[in-house]
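Heads up: numbering here begins at 1 and tracks the sequence. A quick note: this is a predicted structure, and the numbers were derived from the prediction, not measured.
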Amino acid sequence: MDDKKKHQFDSRYMRMARIWAENSYCKRRKVGALIVKERMIISDGYNGTPSGFENVCEDDDNATKPYVLHAEANAITKVARSSNSSEGATLYVTASPCIECAKLIIQAGIKRVVYGEQYRILDGIELLKRAGIEVEFLDSTDI
């Protein structure tokens, strides 16, 4: 696939991840993620509480509750429960992955990560690069 077509697909999937983030009940930050393999969306996720928990992500002090799952973790665990495999897939996520999600991405066999917002701590991005995963920042102005 040529670079122009690749950029078009990246932009479309990132827009879809942004729309998916709107499903989050979190108030401080809404994050969406899609796992795409061979141009098919095989999983999706957004940040929020585990299944069966109240849909409230922040405590009374507006701090994120420690058990809130990140969008990437939700997408990876969702694909793990399916008959699909994320081996060789691309993850589109609206914010740069944290180090904990980076570890999950590596273990899930995802080979490329496209993210749309720089987080102040970039240790997750550094770990992904160290693992040989292709990482690309796609600024919202590029979409």
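Taking OG1 of Thr64 as the start and NZ of Lys27 as the end, the distance is 11.5 Å to the nearest 0.5 Å. From Met16, atom CE reaches atom OG of Ser11 across 13.0 Å, with rounding to the nearest 0.5 Å. To the nearest 0.5 Å, atom CD1 of residue Ile125 and atom CD1 of residue Ile133 are 10.0 Å apart. The CG atom of Asp139 sits 8.5 Å away from the CD atom of Gln118 when rounded to the nearest 0.5 Å. For the atom pair OG1 (Thr90) and CD (Glu136), the distance works out to 9.5 Å, reported to the nearest 0.5 Å.
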- Message: side-chain contact (heavy atoms from CB on, under 4.5 Å), that's the test. Do Arg28 and Glu58 meet it? Break it down for me.
- Response: CA-CA 8 Å; Arg28 292 182 63 215; Glu58 293 84 13; 3.7 Å; yes

- Message: Could you walk me through whether Lys111 and Glu134 satisfy the side-chain contact (heavy atoms from CB on, under 4.5 Å) test, starting with their C-alpha distance in whole Å, then the side-chain angles of each, then the deciding distance to 0.1 Å, before giving a yes or no?
- Response: CA-CA 6 Å; Lys111 295 299 177 204; Glu134 182 185 342; over 6 Å; no

- Item | Worked check of side-chain contact (heavy atoms from CB on, under 4.5 Å) between Met40 and Asn84 | CA-CA 11 Å; Met40 287 189 303; Asn84 285 315; over 6 Å; no

- Residues Lys30, Arg18; criterion side-chain contact (heavy atoms from CB on, under 4.5 Å); working and verdict: CA-CA 9 Å; Lys30 295 178 183 294; Arg18 285 199 169 94; over 6 Å; no

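Contact of the Val36 side chain with the Ile42 side chain is not registered, since no non-hydrogen atoms from C-beta on lie closer than 4.5 Å. Side chains of Val114 and Leu91 form no contact here, defined as non-hydrogen atoms less than 4.5 Å apart. Side-chain atoms of Val31 and His70, non-hydrogen and from C-beta on, never get closer than 4.5 Å to each other. Proximity of Leu69 to Thr49: side-chain heavy atoms (C-beta onward) are nowhere separated by under 4.5 Å. Counting heavy atoms from C-beta outward, Leu138 and Tyr115 have side chains that stay 4.5 Å or more apart.
In this view, Lys37 satisfies the salt bridge (Lys or Arg N to Asp or Glu O under 4.0 Å) rule with no residue, not counting sequence neighbours. Remark: Asp60 engages no residue in a side-chain contact (heavy atoms from CB on, under 4.5 Å) (not counting sequence neighbours).
Within a 6.0 Å sphere centred on NZ of Lys129, other residues, nucleotides and ligands contribute 12 heavy atoms or fewer. Sparse packing is recorded around OH of Tyr25, with 12 or fewer heavy atoms of other residues, nucleotides or ligands lying under 6.0 Å away. By the neighbour-count criterion of 12 heavy atoms within 6.0 Å, atom CD of Glu38 is sparsely surrounded, having that number or fewer from other residues, nucleotides or ligands.
For the pair Ser24 (side chain) and Asn47 (backbone), a donor-acceptor distance under 3.5 Å is present. Under the 3.5 Å distance criterion, the side-chain polar atoms of Asp61 are left unmatched by any main-chain donor or acceptor of Ala63. The main-chain N or O of Gly109 is never found under 3.5 Å from a side-chain atom of Ser86 such that the two would form a donor-acceptor pair.
Put simply, Val113 and Ile106 are part of the same group of oily side chains (I, L, V, M, F, W, Y) that touch within less than 4.5 Å, one to the next. Ile35 and Ile41 are members of different hydrophobic clusters when ILVMFWY side chains are connected at heavy-atom separations under 4.5 Å. No continuous path of ILVMFWY side-chain contacts below 4.5 Å connects Tyr13 to Trp20, so the two sit in separate hydrophobic clusters. Under the 4.5 Å side-chain heavy-atom criterion for grouping Ile, Leu, Val, Met, Phe, Trp and Tyr, Leu122 is connected to Phe137 within one hydrophobic cluster.
Across every non-hydrogen atom of Ala75 and Ala33, the tightest pair is CB-CB, 4.3 Å. Contact record, Gly45 with Asn74: CA-CB, 4.1 Å, taken as the closest heavy-atom pair. Residue Ile110 comes nearest to Ala89 through the heavy atom pair CG2-O, 3.4 Å, listed as atom of the first residue, atom of the second, then distance.
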Donor-acceptor pairs under 3.5 angstrom involving side-chain atoms of residues 92-104: please list them, not counting sequence neighbours.
{"residue": "Tyr92", "atom": "OH", "partner": "Asp10", "partner atom": "OD1", "Å": "2.6"}
{"residue": "Thr94", "atom": "OG1", "partner": "Gly32", "partner atom": "N", "Å": "3.1"}
{"residue": "Ser96", "atom": "OG", "partner": "Tyr119", "partner atom": "N", "Å": "2.9"}
{"residue": "Glu100", "atom": "OE1", "partner": "Lys103", "partner atom": "NZ", "Å": "3.3"}
{"residue": "Glu100", "atom": "OE2", "partner": "Lys103", "partner atom": "NZ", "Å": "3.1"}

